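Per chain, numbering begins at 1; letters A, B, ... match sequence-line order. It should be emphasised that the depicted structure is a prediction, and the values quoted were computed from it without experimental measurement.
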Amino acid sequence: MKPSAEQLESIKNILDSVTNYRETYAELYDHILTALEALPNNDSFPCALHRIIEIELGGKRGIAKIEATYKKIATKEVFKRYLAYFVGYLLSPFLLVAIALTVVAYKLFTKSFEELGWLRVICMWLNVIPISVTKIIMAKAKRDGLYNKLSVIRTIYSWVAAFPIYLSLALQLIIYLISLVVSLNFNQYLYINLAMFFLNSFTVLAICRLCRDELKLRLAI
Amino acid sequence: MNANPFLKGSLQTIILKLLEDNNEMYGYEITQKVKEMSGGDVLLTEGALYPALHKLEADGFLETFTQVVDNRVRKYYRLTEEGGKQVSSKLSEAQAFIDQLQTLLNLKPAVK
């Protein structure tokens with residue numbers, strides 16, 4: 001059976017309503033069409049479509065399960081790669097560059113709390129870089145006009161990119177809470193912030209590497 | 001996949017073996033191959049197939065590539081080097097399991 005343009009549209013509409021991500025949409029669209037094309041021409045299209053979606057794919061719940069599994073696996077995979085890059089940079093010659101940058105930061109921001117505030121501002125801007133990179137990649141993919149749905153991988157990249165910001169904010173909150181119980185002196189504040197600056201350079205590099213992979217691999221379907 | 005729990009537990013082995021024999025396959029093709037080989041006795045549902053494929057991909061046993069076929073994107077799966085090594089180990093596990101069942105349940109091997 002070769003579905004007509006109208007029938008193709010109805011398949012797209014159904015999949016649009018039950019899928020959230022581009023990868024699953026594309027894979028299931030091809031699956032449904034291939035299954036329909038394997039049927040004889042005199043088969044009823046609505047019955048065949050109903051059987052494929054409701055019985056073989058398990059309906060809305062089944063498709064949601066396929067997506068959820070894919071998302072879970074993809075999330076795990078991206079975080080695993082992110083961590084591997086982070087550790088990889090930590091053990092690479094970049095470590096010396098990061099130490100040198102931290103020493104420079106130490107020399108520049110040791111005079112007052114006001115100067116230390118600037119170090120925090122720099123850290124925050126460092127964290128903005130990955131988010132900007134992922135946004136640029138997403139905008140580029142959208143311009144390609146191949147899809148109208150989000151990609152699971154790109155959605156996860158956005159979370160990973162935002163992760164250092166949340167981590168940084170959480171650490172600032174922890175420091176604030178500690179300072180309510182134990183009074184921290186300037187040096188202690190300075191070392192904590194320098195440590196954050198040092199680690200931030202690795203988180204930024206790791207996410208930039210992930211984004212570079214994404215650009216290379218063109219995971220978008 | 002049909003309700004047989006033995007088959008459910010062997011889904012990954014079946015997929016790996018099929019891909020070893022056929023080099024590269026897409027989802028629908030796998031379901032049809034299983035149906036054909038089992039004479040229609042084993043029906044692989046897509047609700048079970050795709051999560052298993054994605055899991056094998058995430059574990060590094062499968063890799064994917066896409067091709068545009070009839071104006072739509074088709075995702076193909078094939079074994080990675082690691083996946084190739086995994087096939088024989090999974091098959092040995094399956095064989096050991098079958099042997100154990102035969103011993104425990106005193107089953108006679110099927111004669112064709």
Could you grab the distance from atom OH of B/Tyr50 to atom CG of A/Leu57, nearest 0.5 Å is fine? 7.5 Å
Rounded distance (nearest 0.5 Å) linking atom CG of A/Leu33 with atom OH of B/Tyr28: 11.5 Å
Measuring from atom CG of B/Leu49 to atom CD of A/Glu56, what distance do you get when rounded to the nearest 0.5 angstrom? 11.0 Å
If you count every heavy atom of other residues, nucleotides or ligands that lies below 6.0 Å from A/Tyr106 atom OH, does the total exceed 12? no
Measuring from B/Asp59:CG to A/Ile73:CD1, what's the distance to the nearest 0.5 Å? 7.5 Å
With a cut-off of 6.0 Å (strictly less than), are more than 12 heavy atoms of other residues, nucleotides or ligands near CZ of B/Phe65? yes
Over all atoms of both residues, closest heavy-atom pair of A/Asp30 and B/Val73: CB-O, 3.5 Å
Whatever's closer than 4.5 Å to a heavy atom in chain B on A/Glu37 counts as side chain
dist A/His31:NE2 -> B/Lys75:NZ (nearest 0.5 Å) comes out at 14.0 Å
Taking the side chain as C-beta and beyond, is there a heavy-atom pair between B/His54 and A/Glu27 under 4.5 Å? yes
Measuring only between side-chain heavy atoms, which start at C-beta, is A/Leu28 closer than 4.5 Å to B/Glu46? no
Distance check, rounded to the nearest 0.5 Å: A/Leu8 atom CG versus B/Asn71 atom CG? 10.0 Å
Does any backbone or side-chain atom of B/Arg72 lie under 4.5 Å from a heavy atom of chain A? Answer side chain, backbone, both or neither. side chain
Could you tell me if the side chain of A/Thr34 sits less than 4.5 Å from the side chain of B/Gln32, heavy atoms only? no
With chain B, the option among A/Ile32, A/Ile66, A/Thr69, A/Ile63 that has the most non-hydrogen atom pairs under 4.5 Å is A/Ile66
